[in-house]
*Asks:* 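Dropping the structure in here first, questions after.
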Amino acid sequence: MRKPVIAGNWKMYKLLSEAVDTALALKPLVANANHCEVVIAPVFVHLKTVADRLEGSNIRVAAQDCSTEVKEGAHTGEVSAQMIEDVGASHVIIGHSERRQFYGETDESVNKKTKAALSFGLTAIVCVGEMLAERESGNAESVVKTQLVGATDGLTVSDMERIIIAYEPVWAIGTGKVATPEQAQEMHGFIRRTVSERHGKEIADATRILYGGSVKPDNIAGLMHQADIDGALVGGASLEAESFAQIVNFK
Ligand code: PEP
């Protein structure tokens with residue numbers, strides 16, 4: 001049985017007081033959500049404060065990225081997986097399409113970051129997803145497979161047990177254009193088959209695959225009813241406690 005995960009990516013939104021207010025408002029609204037894991041991802045500089053304020057709750061905290069570098073050193077501007085773990089976060093989002101598109105993230109750096117995260121006990125939420133032109137030219141599956149194989153290259157069985165995959169078609173992120181549940185299921189099934197071919201059926205059956213791209217309170221149920229959709233990575237609709245809680249408490 002795969003326990004669903006609903007994760008909120010706050011991107012570069014919210015000042016510290018707003019992040020704390022949203023986290024505290026969310027706490028009672030999802031306190032009874034035992035059916036899924038709840039994760040929120042504030043910016044780096046808010047991680048410790050938010051994690052401290054959520055201590056003892058059922059909400060976990062994620063970073064939105066981490067360094068490829070594992071050891072401390074002269075890497076100005078970088079934040080290591082160990083530092084993220086040290087301030088109380090348990091997850092890290094890696095390879096988000098905004099980082100791939102605008103900040104030079106590659107399959108190789110995603111792979112290194114994933115290994116760095118896992119080596120410090122963090123759960124890596126590894127993002128994959130095709131651009132609109134790639135879907136329209138019939139290349140969506142090959143693009144996603146290349147990203148997936150690149151991200152997971154060299155991972156052991158026990159590494160694979162600690163990653164979550166997020167399928168986020170780029171054309172659906174922040175655009176209001178959600179993939180239909182059937183389109184999403186088709187790709188999630190493909191991702192699970194790919195994991196199965198590479199890492200075995202047992203790992204594939206246990207791997208959580210989240211959908212991301214304009215998930216809202218009114219479309220979450222349709223997505224979650226699909227066999228291979230195990231949760232959601234939510235951007236815009238995670239910024240308000242009420243709408244994110246409605247997604248967490250989907251029926
Ligand atoms: C995201 O940023 O990962 C995302 C899916 O954003 P949105 O829900 O706003 O489309």
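In what follows, every heavy atom counts, from backbone to side chain, and hydrogens, waters and symmetry copies are set aside. Each ligand, and each atom within it, is numbered from 1 in the order the structure gives.
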*Asks:* Does any donor atom in the side chain of Lys14 or Thr22 lie under 3.5 Å from an acceptor atom in the other side chain?
*Replies:* yes
*Asks:* Whether Arg135 and Glu130 form a salt bridge (side-chain N of Lys/Arg under 4.0 Å from carboxylate O of Asp/Glu) is what I want to check.
*Replies:*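 Result for this pair is yes, salt bridge flagged.
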*Asks:* Counting only heavy atoms closer than 4.0 Å, does ligand 1 sit against the backbone of Ile173, its side chain, both, or neither?
*Replies:* both
*Asks:* What atoms of ligand 1 come within less than 4.0 Å of a heavy atom belonging to Gly212?
*Replies:* 5 (C)
*Asks:* Before you tell me yes or no, could you show the steps for Val30 and Ile59 under side-chain contact (heavy atoms from CB on, under 4.5 Å), namely the whole-Å CA-CA distance, both residues' side-chain angles and the distance that decides it to 0.1 Å?
*Replies:* CA-CA 8 Å; Val30 300; Ile59 306 172; 3.8 Å; yes
*Asks:* Tell me: protein heavy atom nearest atom 3 (O) of ligand 1, and distance?
*Replies:* Glu168 OE2, 2.7 Å
*Asks:* Please say whether the positively charged group of Arg193, taken as NZ for Lys or CZ for Arg, lies over the ring of Phe190, i.e. under 6.0 angstrom from the six-membered ring centre and within 45 degrees of the axis.
*Replies:* no
*Asks:* When you measure from the heavy atoms of Lys11 to every atom of ligand 1, does any distance fall below 4.0 Å?
*Replies:* yes
*Asks:* Show me which atoms of ligand 1 lie under 4.0 Å from any heavy atom of Leu233.
*Replies:*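 Near Leu233, the atoms of ligand 1 are 3 (O), 5 (C).
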*Asks:* Answer yes if the side chains of Gln185 and Asp228 hold a donor-acceptor pair under 3.5 Å, and no otherwise.
*Replies:* yes
*Asks:* Is the shortest side-chain heavy-atom distance between Thr152 and Val126 below 4.5 Å?
*Replies:*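 Thr152 vs Val126: side chains apart.
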*Asks:* For ligand 1, which atoms, with element, lie under 4.0 Å from some heavy atom of Gly213?
*Replies:*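 Listed by number with element, the hits are 5 (C), 10 (O).
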*Asks:* Considering only heavy atoms of Gly236, which atoms of ligand 1 have at least one such atom less than 4.0 Å away?
*Replies:*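 Taking each heavy atom of Gly236 in turn, ligand 1 has 7 (P), 8 (O), 9 (O) under 4.0 Å.
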*Asks:* Can you name the atoms of ligand 1, numbered from 1 with element, that are less than 4.0 Å from a heavy atom of Gly174?
*Replies:* 7 (P), 9 (O), 10 (O)
*Asks:* What protein heavy atom is closest to atom 1 (C) of ligand 1, reported as residue, atom name and distance in Å?
*Replies:* His96 NE2, 3.2 Å
*Asks:* Can you see whether Thr49 engages Asp52 through a side-chain donor-acceptor pair at a distance of less than 3.5 angstrom?
*Replies:* no
*Asks:* Can you list the atoms of ligand 1 that are under 4.0 Å from a heavy atom of Ser214?
*Replies:* 7 (P), 8 (O), 10 (O)
*Asks:* Check for me whether Cys127 has a heavy atom closer than 4.0 Å to any atom of ligand 1.
*Replies:*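 No, Cys127 has no heavy atoms under 4.0 Å from ligand 1.
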*Asks:* Polar-atom distance check: Thr175 versus ligand 1, any N or O pair below 3.5 Å?
*Replies:* no
*Asks:* Please state which protein non-hydrogen atom is closest to atom 4 (C) of ligand 1 and give its distance, to 0.1 Å?
*Replies:*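 The closest heavy atom on the protein side is Gly235 N, 3.6 Å.
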*Asks:* Heavy-atom distances under 4.0 Å are what count here, so tell me which part of Ala172 touches ligand 1: side chain, backbone, both or neither.
*Replies:*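 Only the backbone of Ala172 comes within reach of ligand 1.
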*Asks:* Look at the side chain of His199 and the backbone N and O of Val195, then say whether any donor-acceptor pair between them is shorter than 3.5 Å.
*Replies:* no
*Asks:* Please confirm whether the ring centroid of Phe250 lies under 6.0 Å from the ring centroid of His35.
*Replies:* yes
